[in-house]
Number of protein chains: 4
Amino acid sequence: MPRTAVIAGVGPGLGESIARKFADEGCSVGLFARSEDYLDELAADLPGEALAVPTDLTDPDAIRAGFDAVREDLGPVDVLVNHASAGSWKGLLDASVEEFERAFHVNGRGAFVCSQEAVSDMLGQEGRGAEADQDDEAGGTIIFTGATSAVRGREGAIGFSAAKFAARGMAESMAREFGPEGVHVAHVVVDGQIRTPQARESDRPAHEFFDPDEIAETYWHLVEQDRSAWTLELDLRPHVEEF
Amino acid sequence: MPRTAVIAGVGPGLGESIARKFADEGCSVGLFARSEDYLDELAADLPGEALAVPTDLTDPDAIRAGFDAVREDLGPVDVLVNHASAGSWKGLLDASVEEFERAFHVNGRGAFVCSQEAVSDMLGQEGRGAEADQDDEAGGTIIFTGATSAVRGREGAIGFSAAKFAARGMAESMAREFGPEGVHVAHVVVDGQIRTPQARESDRPAHEFFDPDEIAETYWHLVEQDRSAWTLELDLRPHVEEF
Amino acid sequence: MPRTAVIAGVGPGLGESIARKFADEGCSVGLFARSEDYLDELAADLPGEALAVPTDLTDPDAIRAGFDAVREDLGPVDVLVNHASAGSWKGLLDASVEEFERAFHVNGRGAFVCSQEAVSDMLGQEGRGAEADQDDEAGGTIIFTGATSAVRGREGAIGFSAAKFAARGMAESMAREFGPEGVHVAHVVVDGQIRTPQARESDRPAHEFFDPDEIAETYWHLVEQDRSAWTLELDLRPHVEEF
Amino acid sequence: MPRTAVIAGVGPGLGESIARKFADEGCSVGLFARSEDYLDELAADLPGEALAVPTDLTDPDAIRAGFDAVREDLGPVDVLVNHASAGSWKGLLDASVEEFERAFHVNGRGAFVCSQEAVSDMLGQEGRGAEADQDDEAGGTIIFTGATSAVRGREGAIGFSAAKFAARGMAESMAREFGPEGVHVAHVVVDGQIRTPQARESDRPAHEFFDPDEIAETYWHLVEQDRSAWTLELDLRPHVEEF
């Protein structure tokens, strides 16, 4: 089944690896991020259909318009990756209310609106929804990119910790609400540093970093899991990472 | 040592029990909530000093003004209970963005601003802060009232789950940041229903509910814990509660 | 109500502090450990009734005989602290099967047999058991002394990790089984180093260690909690401990 | 790379599905269980090399002899699945010491000895061990089959809860010890009922059960994960399972 996937929060690193993997597996891909130039370039480089959707993920109306554009071009959404992340690394006394709240707007509220849009598609199509049984190709998959700070509040990163915890709580709530209707919700705790273009220039040995393409393999496995055996949460880390 | 305590989010039920217990133990108490009449009545009924602070906890400026009023009347804050809670019990597709966000404004952002104010007092006084050692009567205590939905995202309560998770992440972040400086941060997972005035009229047997006065005993124990042996998290439930 | 308490695994440090605190609060105390001389000295030093019960906690029959001795001298058991701990700090390839298993015999099987004996007493007395309601002085309290390795398997301590996890699983199972009958089961994650006589001679500053008397305060609070608001699990650590 | 895999505790249901999947992917498979007839039949039915190893997993010497047989026939072990499980479903007062301990002997001690044997192989071969870097095809994979009772102690199943917790603690300890050396340790929380031959005859609808072949897909994904992005723990459940 060809699928339409939205990656909300694409950038060089893991977001791009996910987009490439999903496109390689035959997905049409909607790419949401702020940088139009970057998205255009990436969309042009992917095999198959891809739509660049320059979007501010802190703006609910912009998100909704983005999903409309995806539906029109690529069809209803089957897969959503809530991948956007933001948060100043500041402690309680240094963070402003605006900085604290911005982390929540991206990680929490943005994912909330994206999920509303995606679940509507997943439940709304013929053969989907409450009547679906295990033989239908119905429902869909929503993956949240979590972080260590989603399970362990980090000193000096109060807004980020609050926002990543919030997203994990949302993921669990949604998994319980929509699992029986065929929507697979998963939360991935990404514990380690990703080998981004900048990281490649650091002095640390390469094997201390995640290879983002390898993380994307596990994201794809989550999409492919049969509804008879779904994962809600898993962690990922480089083999030398201390934890 | 007489202490000044702020209870942010007081109402009939647990908030009031905490206020009474802390007042009985000699605390001066600042009572934050929206209902002026209720607060005035409660303040008048408490032994010792108590200040009614009618406040909208979704308004950062109102919170700051409230702490100023407490400081002026009762002195710098030693104990804060982040007890306010809000959240419509709606699932992903039924909750509006405003409803989703409101839960975070009360449980998350409100607690963030209250904590900023309280920690400033706790670190700012003579003999407090980074130089404090274990012999000083320095620092303070911040207790978050959590819920089952802080550790297990609840179906059909997405905003509440996100907000209670967020508060737990904040509590952990703050505990790591300020523990070494003498500020004890604790998160209490309150798992069950509290015997409020309304609950007393239900048909369920009384022993299936929390007695809020008994919860308040454990809150006070957290305040009294010596810094040599602090609790970050504990759960509480009635002995017949399933979990 | 005067209570009879068994401390299984007493030694200089936390076990002794718990025994002293409980005796100070009016408990008759049964002291289980291998060293007869040490126990005799401690029993003589406690206020009120205390019974030294030299016991090998890896021997189920010896445990049962010990409880019989306590019953005869001090009456049925109201409080049990499963405090014994053992485990060689070895990794998978260095630990022998015997070493691996010994940790389980002390932390797991020993606590199992002690709990069987104690729960029988707690449920067996008049006014106790299934018919008990919240007004009865029935039931009892069982506290497990856990460790960081009960919630986070430690590298190079495989037997200890397995055994401390096992004890935590037992505690949860027992809490669910006997809570409704009035037996309060609690598991305390003790995360840090305790200021034992040896530790006092180390170069590390005193405030980096637990004061075991302060831990004992929280153990006593657990015993005193009303059944309307019980804690299953809490953590404890010195305020400067990293975690 | 053709791999040698040991499945410790094979039976109709998940164990067999894992064996078939791994054999389909080209593994030579060593099958450990007590029933010789069943193992012979299964071994004959698998594609590629398979060795039936009738073994009592509560007997350390028998386990060691079994691994020797595998090494001789199939070569050093690359993959181990600690899949054996046992435990009477009894509460504290009904379980005997022997029943309590037997659950640990299978889930805990048996997995300990199997892991000793497997890790020795994984570290012992040329190009493996401490010097291995991320380009080597070194190390191996050890998967523990966990259960809900590994993360939530179950009322009325004290021995099983203790044993499954213990295995989870071991898995974490081993992951931290051997991850840097290239051994991937993973713990799978299997939360639900598996569609075994008996379950197929029940009245419950098929989609309420796990399809064990689908669980096996995720086990294989864990084997295939690149060391740059390993999972320590994931859960699995049927999409309609309440949790």
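Just so it is clear: chains get the letters A, B, ... in the order the sequence lines come, proteins before strands, and each one is counted from 1. Not measured: the values here are computed from a predicted model.
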Report task. Would you mind telling me which of P238(D), A229(D), S228(D) has the largest number of heavy-atom pairs within less than 4.5 Å of chain A? Result ->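 Looking at each of P238(D), A229(D), S228(D) in turn, S228(D) comes out on top.
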Requested in this report: Go through A186(D), G192(D), G179(D) and name the one with the most non-hydrogen pairs under 4.5 angstrom from chain A.
Outcome: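 Answer, by heavy-atom pair count under 4.5 Å with chain A: G179(D).
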Report task. For R176(A) and F243(D), indicate whether the former's side chain and the latter's backbone hold a donor-acceptor pair under 3.5 Å. Result ->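 Yes; judged by distance alone, with no hydrogens or angles, the pair exists.
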Query raised in the report: How long is the gap from CD on E224(A) to NE2 on H221(D), to the nearest 0.5 Å?
Result: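 Output value for this atom pair is 11.0 Å.
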Query raised in the report: Applying a criterion of heavy atom separation less than 4.5 Å, what residues of residues 209-220 of chain D form contacts with chain A?
Result: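 Residues of residues 209-220 of chain D touching chain A at under 4.5 Å: F209(D), F210(D), D211(D), E214(D), I215(D), E217(D), T218(D).
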Query - Positive for side-chain contact (heavy atoms from CB on, under 4.5 Å) with T231(A), one of V188(D), L236(D), T231(D), V189(D) - result: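 Of the listed options, the one satisfying the test is L236(D).
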Query raised in the report: Among V190(A), D235(A), L234(A), D191(A), which residue forms the greatest number of heavy-atom pairs with chain D at distances under 4.5 Å?
Result: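 Of the options given, most contacts go to D235(A).
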